[in-house]
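In what follows, chains carry the letters A, B, and so on, assigned in the order in which the sequence lines appear, proteins first and then strands, with residues in each chain numbered from 1.
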Amino acid sequence: MAGVNGNKKEGKYLKRIRKYPNQIFLPPEDGVMEGFEYFATKEYLSKPDAVNRKANMLKMITGYGGRQFAKTAKALGSNIGSMLYNLGKNFDDVEDLVIHLEEKQTFPRQSVKLIKGYPNTEIWEKLQAYAWEKHEIQVGFTEVTEDMIFEGKAIPFKYALVFVQEMNKGAFEEEPIVAAGREVVRVYNELGKATNDIANWLRSEYNIHCQANHPFGGLTDYVPLAEKAGLGKMGHDGLLIVPRFGTRHRISPIYIQDKIFEVTDTHEYDWIDDFCMSCRACERNCPTGAIYPEPIVDKENAFGIRPRARTIDREKCFTYFSITLGCSQCIRTCPFTKQPYEKIKSGWNANKDKEQYSKAKENKEENSKSVAIVGAGASGLYAAEALLAKSQTEQIDVFEKLPTPFGLVRYGVAPDHPEVKSKVFYFHDIIRNNRINYYGNVAIGQDISIDTLRKNYDAVIIATGASKGRDMNIPGEKLKGSMTAPAFVNWYNCQPEFQNLELPKKAKNISVIGMGNVSLDVSRMILKSKDSLELSVISDSALKTIKSMKTEEVHIYGRRGPLDAKFTPKELIELVELPYIEPMVDGYDFNNTITDIYNYDDMDNALINYNVFKEISQGVYKAKDRKAKKIIFHFYHSPSEITGDDWVESIVFEKTSVSDNNLLGTGQYIKKKSQLIIRSIGYKSDSIDGVPAQDTNGIISNIDGKVCEADGQPIDGFYCTGWIRRGPRGIIGTNKTDALEVVDNLLNDSYKATGSPDVIRNSIINKAVLKDKMNEILMVERLNGSRTHKRAKKFTDVDDMLNVNIPQN
Amino acid sequence: MAYVICGPCVGVKDTKCREVCPVSAIYENDEKLVIDAELCIDCGACVQACPVSAIYQEDDVPTAWLKYKTDK
């Protein structure tokens, strides 16, 4: 596409008219460079992830298969000639005006009849009818403001007719996604032709002095122009939301010499601003993470002039757009594309009423306690959220050992579970609140002692969770190739503290000990085909290592029977339904009727799991692919020893049985070959200096979240929440219930600190990663992600995080 | 297309989804919260806010929870 806008005719035209600066309209000194023009600059093209790189060109051709590329190339090929012609025609058609300018140092005057005839209602109506009937184009009229004119450009006239033309809805609903790109090209060309046609109609019918401009890009920034002309409102993705077409449309203007029509400016669509911020579907769905919740620092790297446009990283967007032959995901997922405007508006209005209602009822306690929260994972941030909701305190300080927040949501959740992973958005919004201070890279217990913290805050909440795996305490457990599941999970999720994990070069057979959801996550990560993992955020080196292990079988072992498996049925079914995985069961005869049923915590789920296992034994989930990798669930196997010299070689199990809910050994042993053994038998918490009593798994001795002395006496102003309070059970949301209870207790606590939070804040000012810096780290991860077309490429090293710099180019 | 609230919501009924829904499409029944498919504008703001990860797009509802698609 580069080169199109270096369009020679536009260049010549500008050179000619810019000789008469008093007769034309010029951009402000800090004018923004036109998008496509920027992407043709050396500055962009020399970047390591620019679209012209070989790897990117290759992806463009092969990404959707040769056939799709050929189709799109054909669509582009059959339109590009016409697009270039019509672009040039914008300027050819005003030759007489330019000659007049050169000869008389001024443009010819518009006829007095037209000027006096304002608002020329009859012409306006005929124009509307002509544009709609002939081209299905909607029209607005406005005055162009100086800031809309691109750097280095100029316009001859300061008023503009603005047109929008719809792109077919179907192209944004159906697969393949690339069809959308072809529709984009088609409408660029159609609207380009139509704009010239309408301009010439205005000239021949009414002798109106005007200059058309092509939708593919031109002299002004079309989105704010169309917004000003009252055609719609700029949405969170920087595109114009038009009531009739949503974001599925293209825009073009015709510049007009005088105010011959009434301007169509309106504030009718201003509500969309607030709506967009409450929706943000485009932001969540942008495959390359190019849409940000707030304006990005780097103004030059944004589309256009409005603050909202600055929330879009145009390099990331354009590169990905080109490689995917017209991405368009933000258009696809925008509610305005999918739903009628009136439906959204009436829903929003109903909602506004509700919001006012709930605000009136809100009864925040007048409480200005200073609170330190230790740990910025789910439990800590839910506690922060509860404090925000239930108190008015503006002194909520969140401390985190790592520079980045989100704990296990960032480093524990499987990257292929977006519905859970998306909670990062949610937790990030909590931290964004002005009443919350963030101090990353500060380890409580090391950098600052718990005692010092307690002296300076009215309340301290420990929310450090549990990130270490439990041990089996059997011989050979410390051999290479034997590790905990949390270590493995943290490793592939890029947690900096786990990056030196050593894995075997080859691992044909992998044993996973324990039957919980983490076992399923680990197995799925190992067995899932490379394609489905590549776009999710997993460390590149982990992906490479996992692939090269060439695993054929993953064995999951449980000490008890199929009813005792702690899997969430949804997760179990998800794994065994994968088409390239052959699930099998071992150690239990599903032909027998169930005899040993005890009181399980969750009987419903236990029975669903049981039936899935039974179906597996009957071959229901048999893989079609003969080369399918196997996953085998072994019941009644208790690990007793791991053997090997340096690296693990095999693992020995004792067969077990259950009687009266007691686990019994049978004295029968079985040895299995295995090159990698991952024990997934639960998490434990680190012990923390300054916490009086923790049990063997690190759980803090507490009463209703209030931390206790070793003798069981609760301590005022000292709390714990989340996994370190109640043990590593439950899902992310369980921490919310926990947090609400703790915060209730905390707000009723009368303990008052003798010192002040400022003592702490000042002492860590040089070390701490504050909110802005943390946002910068997350932003750079997203920018780095563009290279591999991931939403983000996470740092695996703390020093790299601390040294980030947003490229200020 | 709309979003569907599935099994994990039963007995939980955290109302954060209702708070973040831009168009008030979420209501409560005896068992759990429910999305009114007629009002849902398919934005997905509720998905991230749900503490128990109960919300799925209609087409992605896991096999185990298909029955919730017809919830009233």
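Note that CG of B/D14 and NZ of A/K736 are 3.0 Å apart. Values are rounded to the nearest 0.5 Å. Summarising the geometry, atom CG belonging to B/D42 is positioned 9.5 Å from atom SG belonging to A/C279; distances are rounded to the nearest 0.5 Å. Atom CZ of A/F275 sits about 3.5 Å away from atom CD1 of B/I41, to the nearest 0.5 Å. How far OG1 of B/T63 is from CD1 of A/I573: 5.5 Å, rounded to the nearest 0.5 Å. Annotation: the span from B/K16 atom NZ to A/Y426 atom OH amounts to 3.5 Å, rounded to 0.5 Å.
The minimum heavy-atom distance between B/A45 and A/S278, with the atom names listed, is CB-O, 3.9 Å. When all heavy atoms of B/V23 and A/I344 are compared, the pair lying nearest together is CG1-O, 3.9 Å.
Between chain B and the options A/P569, A/P340, A/S422, the largest number of non-hydrogen pairs under 4.5 Å is found for A/S422. When each of A/K338, A/R284, A/Q339 is checked for heavy-atom pairs under 4.5 Å with chain B, A/R284 comes out on top. Interface summary for chain B: among A/K570, A/R280, A/K345, the most heavy-atom pairs under 4.5 angstrom belong to A/K570. Here B/P51 is the residue among B/P51, B/G44, B/P62 with the most heavy-atom pairs under 4.5 Å with chain A.
A donor-acceptor contact shorter than 3.5 Å links the side chain of A/K423 to the backbone of B/C50. Of the possible donor and acceptor atoms, one in the side chain of A/N351 sits under 3.5 Å from a partner among the backbone N and O of B/P22.
Residue B/C46: no heavy atom, backbone or side chain, is found under 4.5 Å from chain A. Of the two parts of A/F427, neither the backbone nor the side chain holds a non-hydrogen atom closer than 4.5 Å to a non-hydrogen atom of chain B. Neither the backbone nor the side chain of A/E571 comes within contact range of chain B, judged by heavy atoms closer than 4.5 Å.
When the shell of 6.0 Å around NZ of A/K169 is examined, it contains more than 12 heavy atoms from other residues, nucleotides or ligands.
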